[in-house]
Structures are given as structure tokens and as C-alpha cells.
4 protein chains.
Amino acid sequence: MKAVRLHKFHTQPVIDEVPEPKISGPLDVIVKVGGAGVCRTDLHIIEGQWDAAMGTPLPYILGHENAGWVHEVGSAVTNVAVGDTVILHPTPTCGLCHACRAGDDMHCENSEFPGLSRDGGMAEYLLTSARACIKLNPETQPKDVAALADAGITAYHAVRKALPLLYPGTTAVVIGAGGLGHIGIQCLAALTATNIIVVDRNPDALKLASELGASHTVVGDGSQVDAVKDLTGGLGAHVVLDFVAEQGAEMDGWNMTRPAGSYYVIGYGGQLEIPTLDIISTERNIIGNIVGTYNDLVELMVLAQAGKVTLHTRTYPLNAAPDALADLDAGRVRGRAILVP
Amino acid sequence: MKAVRLHKFHTQPVIDEVPEPKISGPLDVIVKVGGAGVCRTDLHIIEGQWDAAMGTPLPYILGHENAGWVHEVGSAVTNVAVGDTVILHPTPTCGLCHACRAGDDMHCENSEFPGLSRDGGMAEYLLTSARACIKLNPETQPKDVAALADAGITAYHAVRKALPLLYPGTTAVVIGAGGLGHIGIQCLAALTATNIIVVDRNPDALKLASELGASHTVVGDGSQVDAVKDLTGGLGAHVVLDFVAEQGAEMDGWNMTRPAGSYYVIGYGGQLEIPTLDIISTERNIIGNIVGTYNDLVELMVLAQAGKVTLHTRTYPLNAAPDALADLDAGRVRGRAILVP
Amino acid sequence: MKAVRLHKFHTQPVIDEVPEPKISGPLDVIVKVGGAGVCRTDLHIIEGQWDAAMGTPLPYILGHENAGWVHEVGSAVTNVAVGDTVILHPTPTCGLCHACRAGDDMHCENSEFPGLSRDGGMAEYLLTSARACIKLNPETQPKDVAALADAGITAYHAVRKALPLLYPGTTAVVIGAGGLGHIGIQCLAALTATNIIVVDRNPDALKLASELGASHTVVGDGSQVDAVKDLTGGLGAHVVLDFVAEQGAEMDGWNMTRPAGSYYVIGYGGQLEIPTLDIISTERNIIGNIVGTYNDLVELMVLAQAGKVTLHTRTYPLNAAPDALADLDAGRVRGRAILVP
Amino acid sequence: MKAVRLHKFHTQPVIDEVPEPKISGPLDVIVKVGGAGVCRTDLHIIEGQWDAAMGTPLPYILGHENAGWVHEVGSAVTNVAVGDTVILHPTPTCGLCHACRAGDDMHCENSEFPGLSRDGGMAEYLLTSARACIKLNPETQPKDVAALADAGITAYHAVRKALPLLYPGTTAVVIGAGGLGHIGIQCLAALTATNIIVVDRNPDALKLASELGASHTVVGDGSQVDAVKDLTGGLGAHVVLDFVAEQGAEMDGWNMTRPAGSYYVIGYGGQLEIPTLDIISTERNIIGNIVGTYNDLVELMVLAQAGKVTLHTRTYPLNAAPDALADLDAGRVRGRAILVP
């Protein structure tokens, strides 16, 4: 089959011909990929940022945001059948550890992360497990929803964690109205009545943000912290959801957070430098966020199928993966790029 | 009356003769001080660390940790009467703002902080308000409990916030077994069955920690992060309560926190420097903590009166305030120093 | 001044000429009433249902749902001034007890309930306290918002408590789309993406429910439990909000609640008869609800001023209070009846 | 193998010779039973109380509280191996449904309940699944811990749910200090600083309760509601944990619950009859409880292995199952009866 493989850090991945994956365990599932999202994390993988944490031997197939159709199942699989349309939770989990049992399967002690820790979904077929499959209505087009499998779940997970803080009368700032942020805005609008302020450098992204539910938009031109303060009585926001967290956005995000407020880190690449006095004198929190749980994705699919979250995507054939990555890197993608094998 | 006043940053406070405070509003309360705690924050005030945040004009009376007897009350005070033994919540609050109404009175929009934002309790009399008074059994000696009014409430507040994370099978690290930490250990032991690891540079402090409920103690000799990892299967602790947060303790505390865990900042003085990738890849949290609510102090007094939290204190006469501050600065105080006017 | 007073149970209240209330304490506030809601509880008061709990001596002025303008303030009032437009939290609270301090002021140990425990707002002037006043935009018409002060806060309080249970993919049933229910539906629609099923005997009420956000409506014609089961895969709803809780609605509500679900009692008048085996074998909960907190009302006013909750009201002059009560009793009021002095 | 089977409702179960269970699925596990607890629910099963809910065809093997050693495993089992000492979560779950994924596996849509819905553990061997096994230290004796598998988990589950309500200064009532209650008392003592009042008809049970951590004991002689009110300033308890919930205990439990408090139903057999006015005027809650989650049992084992929960048991050989049931029915068992095959 064709697959997009990374052979060397700091070089573009290559379209290779590789063997199809095989079923080996009773809970294995092979999915014919219908859509594979292209994510800023793929750029970071190519740059080698994840090598220390993952140590995955090269070459391997990229792609951690996938949907498709069940192609083959192991002997003990009961929850999906060949032909089912599915979206895939990004990290197949064990179901047996404390985290899986606690509804916190993102912290599974035995999970894998196809596309980061082993072969991913930028290919014709992907090996995953029964526990990762969410069955969809047969008429759903995988390419239309694939971006929910990572960009979507990550945005939803952070928003859902913040919900108890976002009662009427509060303000939430969204930094970055791109692939993740444009979903985060819609989740906030669907699940809260909070006042939504969106910060982005790109005026087109802000235009989209307004259409999706932002109450106010702020151009990230250097005065964004002051602008948010002005919109919040000088105090800052109860919740800041930072989908960028690099190139200075991270300190902006912290500085836009009001006393007793919480700064949610979702993007990455930058560094926080914060005196502990600033943390305690205002009793602010910094909340880490990584992807989300299987149930997060199930719930997000409910919002999507009700039309409350819609995706702005641009499709590319599998062969055009390098173009998609280049477009993303250059800021030419509104919403999310999707490879269609 | 006699009072301990700071006249100039970076110099010792002075024992002055000043006028007694007067009742001016219907909810004012004047307390005859029976015990005023000496806190590391007093050292930080003298060093000018709080000047930017507070801007309180010098000279003013130090002392933000107070208990005593009600001496005079305003016309509308109903909850205490002259002669009552009281411990004082450190920040008299308005009772009318959203935070006060939400049970989060530490974030009162109109609160004052005697000893930081105006005259405090290192004096014979202290002006406070009805809302700050907690009535105690008449036989309670103010000097025996005064340290609960700031050290105690602060430790209790952080522990109480962490309780939902500390189910059986978890580990909590306490960094610093001093004035606050020795109370925090007792609160953990009274309210959870978590495994308690205490880190301190001082062997005597660790001895006290073991007596108060620590399961394990670790000397802060440079290998403390590794030692905690060794005690936690290589993962670190679910919760780290950092009562120091300066001189490197802050990065130690972060590095001792396991994936999906939370690092509680309670001490201050240092600086965190953390890549956002480290925050998101492990989904860890950094939780700010400042003093606590009135109800926190009420609950802590229940623990204290049941003998579940006991204080290790050393008393000094009011005139000896400079000695108490010097002893604290030199690490010569086990537990808490208390001035008795 | 004119006032609507109850002289005897089981008889209609009477329009009396009575003295205006006077300021006696420093935190007292007298409000010129601009709108006083007429509530099913007023019918229950007249029937004597609240006499055992309240024991208020007759005659007294009815009216526990009030908005107006500040007419006079006590010497220590700081949060409102004469002329301010205000809506009134129904139970002036002490601000000093554990419940008030915990953000649970509905359970204030020292609260009063004008219109139930003493003279209420169906009059030209009402005595309340500073803590009960929420200041509104000056252009707000008290008669337009008065119904939020009791019907609104009660519906909002119950919905807000249920929010953590109402993630996407869940179902909430609302029983009764009247004065409270029509607000509850809007709160659900504004704050969740849950599937909303509304049950009512009255087709007009169901029509209104659909306009306000119900996904499905069910006529309460005897088959309502089965109808809800049919709409929920045979299981029932995750949350049932019962704004009726009498005449059989109470057992219907319980029976519509799915395993692990929660039945919220808001209306009253009926009796639950439930084997403990039914409770434990399904692990269902029964949740009591009474009015709401001051902050609940503040948050609801945010929704109202954003146009996310709109009231369906019908105004009557104060003299027509008996007509309003009769219309309510006969089911002739869509939404809420409001007296305008 | 020998097994204790129920052939007919309202008659004693019989010791039969039956075939050993066989592995049929890749996740099946067969356990050699080392201890099988005897529970009041077994009496209720014999009385036919569970027939309507379960409909299990007779005869079948009783026993839903089991520990032992792994005897054989299916081909895909990874978490336990032959020879491991294990305690068994009572309801093998699917791991795939929303409830399992949410950490609420008690509400698994596909779970079984050996001993209620199919053959249980009062036998030499028991068929269960990998997901139900909790591996223990090899030196643990199954008969010493078996009672934790149902009595223990059920008590722990209810206490854990109540923890957020049980801050210092609160009161918890435990009704019934028998098989479940004596564990519940220890869990409360280990995990809270609440004031514990225990109500039981049996003075010996109350003596044990005092040894295990009760602050006060109340003889259930008819004046128990008044006695609890007297001990709680006339208000009742913040939390009532009713391990009886029959023969009048259920209404006592409700009546001992203070305003804004919660009544936890754990036992069963009686009927609640409560006017909805009583529920709303006090805003009290009734909380259902059934067994507990896998993680509940894991956490309880931590308490048990730390010596914070100890069991009072009496062992019987498997053949003596009828004696054990008779002793339980007659109130002759302190703590829990355990069959040892």
C-alpha cells in the first residue's frame, strides 16, 4: 500500500510502497483509511521535537488523526464489524489500568499512539484496536470528520475540563483560531454562555471566529494582552485556552488570566517563565491538556452530527502530503488539511 | 499601645508607641491581640517583595496571623461580643461580591489584608471586621492557636483543594516541613489515606514530619527528585505540595509530579521555567494557592480542637519581635514563632 | 400603601391599606415595587400548605418574587443607592453562617423569606436587605424581569446543579412547561447540548416549549412514561427536572429516570412511594431543589440580558391580584402573571 | 465440583455436584475459589426479591463475593497469570460501553453478575473475566479478604461518593454496623475527620462500632431519630449512610438527614414514602448506591493492606452454607460469614 513515511528529521516525509498491516491479536482492527488529518504536531515530529519523548525508530508512517471503514477484525472484536464506518480515538488503550478504569484513558499506562509511537494513518490501511473504534452512521464520510479525531478531541477535551469555570458572566479567551481553535470556539458556544474572546494574528481566522461564536476578536499585533484586559474590566479572563503556546503566546496567555483564573495549555513549543510569587499572589492555575478520552470523542461526534460543530477542511490526495504539510507550515490552511488515500 | 512597625525596607521593624485603633463603622471589631504569628512573609515584606503588589505606605504595623479577645464592636455586629475569644481570618472581606457569595472569599474584590495592606496584629490591639471573627471556646489560649490563622489556613486550603486527587493508592509529596508544612502533613494524615513523602533539608524537620504522619522522608541534599521517583515507581507523585517554592524547590516540585499529576505552589520566591511541551505531553497542572477561606479556617479549628492538628510553636514577647524574625530567617524556629503582647 | 394580604387560609387575599415599611437596621433597604410575580406557591400558601413549616401569623402580605427601585437605604449600605433598579434575591441572608460563606446561601441559618415568613412584595413598598439586592441596568423594567426572582432562579438553580450530568449525548426531561419550566427549558438550551424532552398536559405549553428549545414534546395524557422510554432507547432520561411533582407527575418523573440517572424535584404537592430496592438496584438519585443562591440569580440575569432567557408574562394591576391568582389556578396563564403596583 | 445451588425460591440452597466451568473466550478466567462471602442479598435472592430484575433460570450457583487463585486463563489475558492470588470485582464488565469508559463500570451495559445473573462463587471454581481480576500479594489469604469483594466495595463506594460532603465539622450517621456497616465505619474513619454516629439495634454491634471509629453510638430502640437530632443540634446529619433500608430504617434515615443533607440508600427491602414538599422545602437528596467500581475495590484493597480496614469474619466449610445462611438470617453473625471450599 502507499504510505507517507518520515525517514529523517528535518526532511520532508516520502510516499513509500509498504506492506499492508496484519491482524495478530484477537482485539486488533484494520481500518481502510478514508481521511487522515495533517496537524501541526506532524511539523513538530519532522522537526524532531517528539523524538526524546517517543524514540520511535525511523522510518515510520505519520498520521494520528484518522477515520475510515473497518477492513478486518480480530477474533474477539465485538463492537465493530467489517464495513462499519469509524472514527478512531488516537491512542488505542488497554482498558485494564487504573487510568482506563477511571475514565481517564488518555493516561493509559499501556497505550500506543499511531503516527507518533508507531505507524500511523497517512496510508491506505491502519492497524488499531477494538477499543479505539467509534462506530458512525454509515452515510458519514470519513474525510469530513477525520479532523475531529485529534484536532477536535483535543479542543473538546480542554473545553470540557473548563466547563465548570465558565458560568454565565465569565469570559473565556481562545488564543489561535486555527485547526484546533476553530473547533474550540464552537464547543464553547455549544456548551456555555460564556463571553468568548478570540485572539489570532490572522484577520481571516478572526472573521471565521466571529462566524463561529466569538463575542469579540482581538488581532495579535502586540497589544493583545492589553486588549483582553480592556474587554474584561482590567482583570483578564476566567479561562484562557491557548491553542498556540509558542512564540510568546504562552506568556500572553498567562498574563491574560485573571486572579483565581486558569490558563489552559494546549499548543506547545514555547516556554513559561513565571515567578512563584505571581502564581500564589493571584492563585492562578496552569492546566495541561493532551488529546482527550474516548468518551470525549464520542461526545464531540454528537455535537458534530447535530451540526453544532462544523469543520473547515481542505482535502489533498495522499500523494500530496508534502504540499499539505508545506501549506500548514506557511499558514495557508484555514481550518484543517485532510489527506484522502 | 505598643506595636511592631516597619519603617523602611531592608531594615528591622521597630517597637513603637502608637494610638489604639478606633471603631468607625457598624461592622468594625477591635481585638485585644493574644498571639501574633511570625511568618516568612514578614521577612519577604521587609525585603520589599510585596511592595509592588500592595504599595502600603510606611510605617505600618506587621502581623497577619492573629488571635485574641474581642475588645469592642460596632453597632451592627451580631456574631461576636466583647470578651469572646476569637481567631481572625486574615483578610476581612465584604460579603457582597461574587467571590464572597461563591464561597471563595479569598478572592473578595474588596478585602483588606491587615499586616500587608494596612496595620496588622503585632500590637496590643487590632482593628478587623465582624466577618473576620471566628468565635472559639473561651478556654482556648489565643497564643496556642494564632499560627492557624495564616500558616494553618494556608496549608489546610491547599490540602483541601487536593483532596479529590488523593484517593487510596496515591502519593503526596510535601516539600518543606516548617511552619506551614508541619500543619499540611497533619491535614493530609487526618483527611486522606494517601502515602505521604516529606522533603526537607533539615533532619530535625524530617523527624517531626515522621511523628506527624509522613510515610517516608527524603533529605533535600540534591538527590531529592530521584529519591521521590524511586519511591513512586519512577513516576513521581500524584500531588506535590510545595511550601518552599524558592531556591530550586520549585523546579524540583514540578519534576517530582507524575503525568496527570498536580503541582501545588504555596511557598514563593523562586521562578518556574517550563517548556509548554512538558506541560502538555504529560498533562500536568500547576495550581496556585493563597491563604484560604473563612470556612477553611473554621474547618481547621475543628481539626485542631479534636487534636488532629497540633502546633509546634515558640513564643516571644512583643518586644522581642526582631529576635523572632532573626531566628526565623536563620532557620532556628521549629514550627512557628508567636509574639505574645 | 396598598398591599395584598392573606387574612385566612382557604380564602382569597384582600387589598388592604397598610403603613409603609420603615428602615430600622443599618443594612435595611426599602424597595418601591415595580413588579411582583404570582406563583403557584401563593396558591399553596393560601391552601395552608406552608403553615406548618413557616407559622407566619396572619394577616401578612404575599409576594416572594420582586423587582423595583431602591427607595431608601440603611446607614451601612454600600452596594446600592436610592434610585437604583434592582431585582431581589427572595431570601435576605445573614452572610455570616457556614452556608452563606460556602456559596450556599439558600441554606442560610438566619434567612427570612418575605412573602412566606413575613410581609412580601405584593405591595407598593417592600423591606429587604442590602445582601438581597442585585443592581440592574437603569433601563430595565422591573415588571419585565420580576419573574426571574423566584420562578427564574428556581429553574436556573436546578438546571445548574444538573449541568455536570448533561454532557452531549444525554437526555433531559422537563415535566411542566409553565412559569418555571419555560425558563428551565431555555436554561438547558443555553448551557448544554443535551437532548430536551418536555412533558406537559397542555398542547399550548408544548408549542411554546418547542419554540424555546425542546427537541421533543410529549403530551401528558397517561402514556408519558412510555413515550419518554420510547424516545430514550427504553432506558429513560439521564436527568428529569420535575417542575410539577404532584398529581402523579412525581412517580412519572421517577419512572422516566434511567439507571444511574437523577430525578430533580422542584415542584411539590405529591408524594413519592419508592421501594429502596428500586433505588439501589438502579443506583438512581432523587435531588431536592429550593429556590437558588444569590449568584444563581446574578448568572440568570446575565442570560436574560443576553436574550438567552426570555419571559412570557401577563401583567395585572395590584388590585387585580385575586384575578391573577384565579387565572393561575385555572391554568389560564401562559408563562407568569405579574402584579404591577 | 461441589457447588451451593438454589433450586427453588423460599427453600434452602443445596450442595450439588456439578461440572467445572470451562474457558470459552479469549478473556475468560477461571478462579479456584478460596473464600466466598455470604450476604444478606443471598437471603433476598432465596426469597425471590431479585427474580423480577434478574430472571435467572434455576437452579444456579449462589455467591457474588469471591476471592481465590487464578486456575486457567483465556488466550488474550494479559493482566493475570495462573497461580495469581486475586480478589474479584463482582460484575465482569465489557470495558467498551460509555459507563465502562467513564469510570462508572458498575453501570456497564453488558455486565454480568455471577451469583445473581449466572453461576456464582459458592463452589470450587468460578468463571469470570480478565477485567474482574485484581491481583493481590501472593501471601494474601483469599478467605481473609473475600468479604471486601461485595460487602467491602459496596460500603466503600457509598462512603467515597459522600466524601466531598464530609468536611471537618460535619456529621455522618451509619445505620447498621453489620457486614457492610462495620467496613463503612472504618472507611469513614480512614478518609475523613467527620463526626461518626452509628445506629444499630444490637449492643454488640455498637461496641464493635466504637472500636472501629464511631464517635457516638445510638441504640435503635425507637428513639433513634430523636437521639441523632439531639447529637446534632436538632438538625440531623449532613450524610446518612443506611446499610439497612428496611423495617423502618429507611424513614428513620431520611428523617435523620439535615436540610441540604443527603441520605444514601445502600441496604434495601423497605419503602420510602415522602411528600415532595419535604424534599424541596429542605433541599435534601436521596442517593442510590449499588456495589462499586473496579477502582473502588482496588482502593479498598489499599486500605485493607495498610491495616486501615479490617474484617470481622467467621468461616464455614462450603458444605455448611445452609448454616451460614441461617446464622445470618438470625442475626448471629458479627461482621461477615465466609464459605471456604
Side-chain angles (χ1 to χ4, degrees), chain A residues 41 44 49-50 52-54 98-99 102 104 106-109 116 154 157-158 161 167 169-170 233 235 242 244-246 249-251 253-254 257-292, chain B residues 41 44 49-50 52-54 98-99 102 104 106-109 116 154 157-158 161 167 169-170 233 235 242 244-246 249-251 253-254 257-292:
Chain A
T41 285
H44 289 142
Q49 283 195 31
W50 284 91
M54 293 290 175
H98 192 280
D104 189 26
M106 269 321 296
H107 293 283
C108 172
E109 297 168 12
L116 278 90
T154 303
H157 178 63
K161 284 167 61 177
Y167 52 85
T170 57
L235 289 172
D242 185 352
V244 178
E246 62 178 337
E250 64 278 17
M251 289 308 300
W254 171 251
T257 308
R258 75 190 270 145
S262 292
Y263 166 60
Y264 285 70
V265 187
I266 308 153
Y268 60 92
Q271 173 153 317
L272 289 172
E273 302 192 353
I274 305 180
T276 50
L277 177 59
D278 287 3
I279 295 173
I280 67 103
S281 62
T282 56
E283 202 170 25
R284 279 179 289 175
N285 307 306
I286 301 167
I287 307 296
N289 296 278
I290 181 73
V291 197
Chain B
T41 286
H44 291 141
Q49 282 195 32
W50 284 90
M54 294 288 174
H98 192 280
D104 189 26
M106 268 321 296
H107 293 283
C108 172
E109 295 168 13
L116 279 90
T154 303
H157 178 63
K161 284 167 62 178
Y167 51 84
T170 56
L235 289 171
D242 186 352
V244 178
E246 61 178 337
E250 64 278 17
M251 289 309 299
W254 172 250
T257 307
R258 75 189 270 144
S262 291
Y263 166 60
Y264 285 69
V265 187
I266 308 153
Y268 60 93
Q271 173 153 318
L272 289 171
E273 302 192 353
I274 304 180
T276 50
L277 177 59
D278 287 2
I279 295 173
I280 66 105
S281 62
T282 56
E283 203 170 24
R284 280 179 289 176
N285 307 308
I286 300 167
I287 308 296
N289 296 278
I290 181 74
V291 198

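Side chains are part of it too, since the values below use all heavy atoms of this structure and drop only hydrogens, waters and symmetry mates. Letters A, B, ... mirror the listed sequences (proteins, then strands); counts begin at 1.
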What part of [X] gets within 4.5 angstrom of chain A, counting heavy atoms only: side chain, backbone, both, or neither?
X	answer
Ile266(B)	backbone
Ser262(B)	neither
Ala260(B)	both
His44(B)	neither

Can you name the closest pair of heavy atoms from [X] and [Y] and give their distance?
X	Y	result
Glu250(A)	Thr276(B)	CB-CG2, 3.9 Å
Gln271(A)	Pro275(B)	OE1-CG, 3.8 Å
Tyr268(A)	Ile280(B)	CD2-CD1, 3.5 Å
Glu283(A)	Gly288(B)	CG-O, 3.2 Å

- [ ] Could you tell me whether the side chain of Ile287(A) reaches within less than 4.5 Å of the side chain of Ile287(B), counting heavy atoms only?
- [x] yes
Task: Contacts of Trp254(A) that satisfy ring-ring contact (aromatic ring centres under 6.0 Å, His included) - sequence neighbours left out - done: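 If we apply the ring-ring contact (aromatic ring centres under 6.0 Å, His included) test to Trp254(A), skipping adjacent residues, there are no hits.
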Task: With sequence neighbours excluded, residues passing ring-ring contact (aromatic ring centres under 6.0 Å, His included) with Tyr263(A) - done: none
Task: Nearest-0.5 Å distance, CD1 of residue Ile279(A) to CG of residue Leu272(B) - done: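 The distance works out to 4.5 Å.
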TODO: Hey, could you give me the CG/CD1 distance between Leu277(A) and Ile290(B), rounded to the nearest 0.5 Å?
DONE: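 Spacing of CG (Leu277(A)) from CD1 (Ile290(B)) equals 8.5 Å.
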- [ ] Return the option, out of Ala245(B), Gly169(B), Gly270(B), with the maximum number of heavy-atom pairs under 4.5 Å with chain A.
- [x]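 Ranked by heavy-atom pairs under 4.5 Å with chain A, first place is Gly270(B).
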